[in-house]
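Heads up, the thing below is written out as structure tokens.
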Protein chains: 2
Amino acid sequence: MTDLARTPKHIGNLIRRTRKKLGLSQAELGDKAGFRQETISLIETGNPATRLETILAVLAALDLEFHVAPRSKDDDAMIEDIF
Amino acid sequence: MTDLARTPKHIGNLIRRTRKKLGLSQAELGDKAGFRQETISLIETGNPATRLETILAVLAALDLEFHVAPRSKDDDAMIEDIF
DNA sequence: GCTCTATATGCGCTATATCCTATAATTCAA
DNA sequence: TTGAATTATAGGATATAGCGCATATAGAGC
């Protein structure tokens with residue numbers, strides 16, 4: 001099961017969804033990833049200027065990882081449903 | 001076919017590989033993505049502080065996109081082979 | 001070797017991440 | 001509804017992105 005992530009908002013929503021599924025607060029996730037609650041808040045609200053390594057650390061703390069794949073028409077059809 | 005990308009270096013290598021496969025110079029890719037040659041250079045060498053939106057724009061210029069998936073044991077086995 | 005292109009590096013600039021601290025605003029349960 | 005927890009926001013400090021511009025290396029071909 002993989003989720004498409006083309007924009008910072010996609011990624012933020014995905015992180016928030018996963019964090020809540022795991023029953024974590026932003027502060028708890030921040031602890032696990034090595035960042036502050038405020039930083040998690042910014043990421044989840046779609047801050048486009050977040051540092052790459054910060055995103056990677058937060059994903060890892062949620063046991064997630066990025067995969068890179070060709071953009072596909074299937075994804076285009078799916079893209080509106082992400083929110 | 002998807003590629004695992006757990007670190008800025010993974011992502012940089014992937015971008016460089018794809019760019020060369022497409023016969024583009026760093027400057028040409030920069031043009032397509034809206035950034036400078038120097039910025040592409042930094043990304044390809046694994047700069048961990050690159051802005052998220054910059055990475056996303058460069059991936060899009062290469063017709064690539066991120067997917068988010070659970071970290072898997074299969075990935076752990078594969079991880080050493082990325083370089 | 002030499003030349004041309006491609007890539008990496010440097011400086012000064014503005015913008016912003018993240019930290020730290022604090023607090024406002026929102027959500028949720030009792 | 002109220003009180004506690006959670007999330008969003010703010011200001012000052014430090015670090016660094018990406019810009020523009022310049023240049024130094026590095027590579028590929030002759």
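Residue numbers start from 1 in every chain, and the chains themselves are labelled A, B, ... in the order their sequence lines are given, proteins ahead of strands.
A donor-acceptor pair is defined here as one N or O able to donate and one able to accept, closer than 3.5 Å; such a pair exists between the side chain of B/Thr18 and the backbone of B/Leu14. Remark: side-chain polar atoms of A/Asn13 are paired, donor with acceptor, to backbone N or O of A/Lys9 under 3.5 angstrom.
One atom, CG of A/Leu52, and another, P of D/dA15, lie 21 Å apart when rounded to the nearest Å. Nucleotide D/dC19 holds its C1' atom 15 Å from the CG atom of B/Asn47, rounded to whole Å. The CD1 atom of A/Ile43 sits 11 Å away from the P atom of C/dA17 (whole-angstrom rounding). Straight-line distance from the CZ atom of A/Arg36 to the P atom of C/dA22: 11 Å, rounded to whole Å. Rounded to an integer number of Å, the gap from CG of B/Asp31 to P of D/dG18 is 16 Å. To the nearest angstrom, C1' of C/dC19 lies 14 Å from CD of A/Glu53. In this structure, the CD atom of A/Gln26 is 15 Å from the C1' atom of C/dT18, given to the nearest Å. Between the CD atom of A/Glu38 and the C1' atom of C/dA22 there is a distance of 10 Å, given to the nearest Å.
In this structure, the separation between OG1 on B/Thr50 and CG on A/Leu52 is 6.0 Å, given to the nearest 0.5 Å.
Heavy atoms of A/Glu44 sit nowhere under 4.0 angstrom from any nucleic acid atom.
OP1 and OP2 of C/dT9 both lie 4.0 Å or more from every side-chain N or O belonging to B/Ser41.
Nearer the 5' end of DNA chain C, as judged by each residue's closest nucleotide, is the contact made by B/Thr45, out of B/Thr45 and B/Arg51. Mapping A/Ile40 and B/Gly34 onto DNA chain D via the closest heavy atom, the residue that lands nearer the 5' end is A/Ile40.
Counting heavy atoms from C-beta outward, A/Gln26 and A/Glu38 have side chains that stay 4.5 Å or more apart. Taking 4.5 Å as the limit, some side-chain heavy atom of A/Leu62 sits within range of a side-chain heavy atom of A/Ile15.
Of the candidates D/dG18, C/dT18, D/dT7, D/dG18 carries the atom nearest the B/Thr39 side chain, counting heavy atoms from C-beta on. Checking C/dT7, D/dT6, D/dC19 against the side-chain heavy atoms of B/Arg16 singles out C/dT7 as nearest.
A donor and an acceptor atom sit less than 3.5 Å apart, one in the side chain of B/Gln37 and one in the base of C/dA8.
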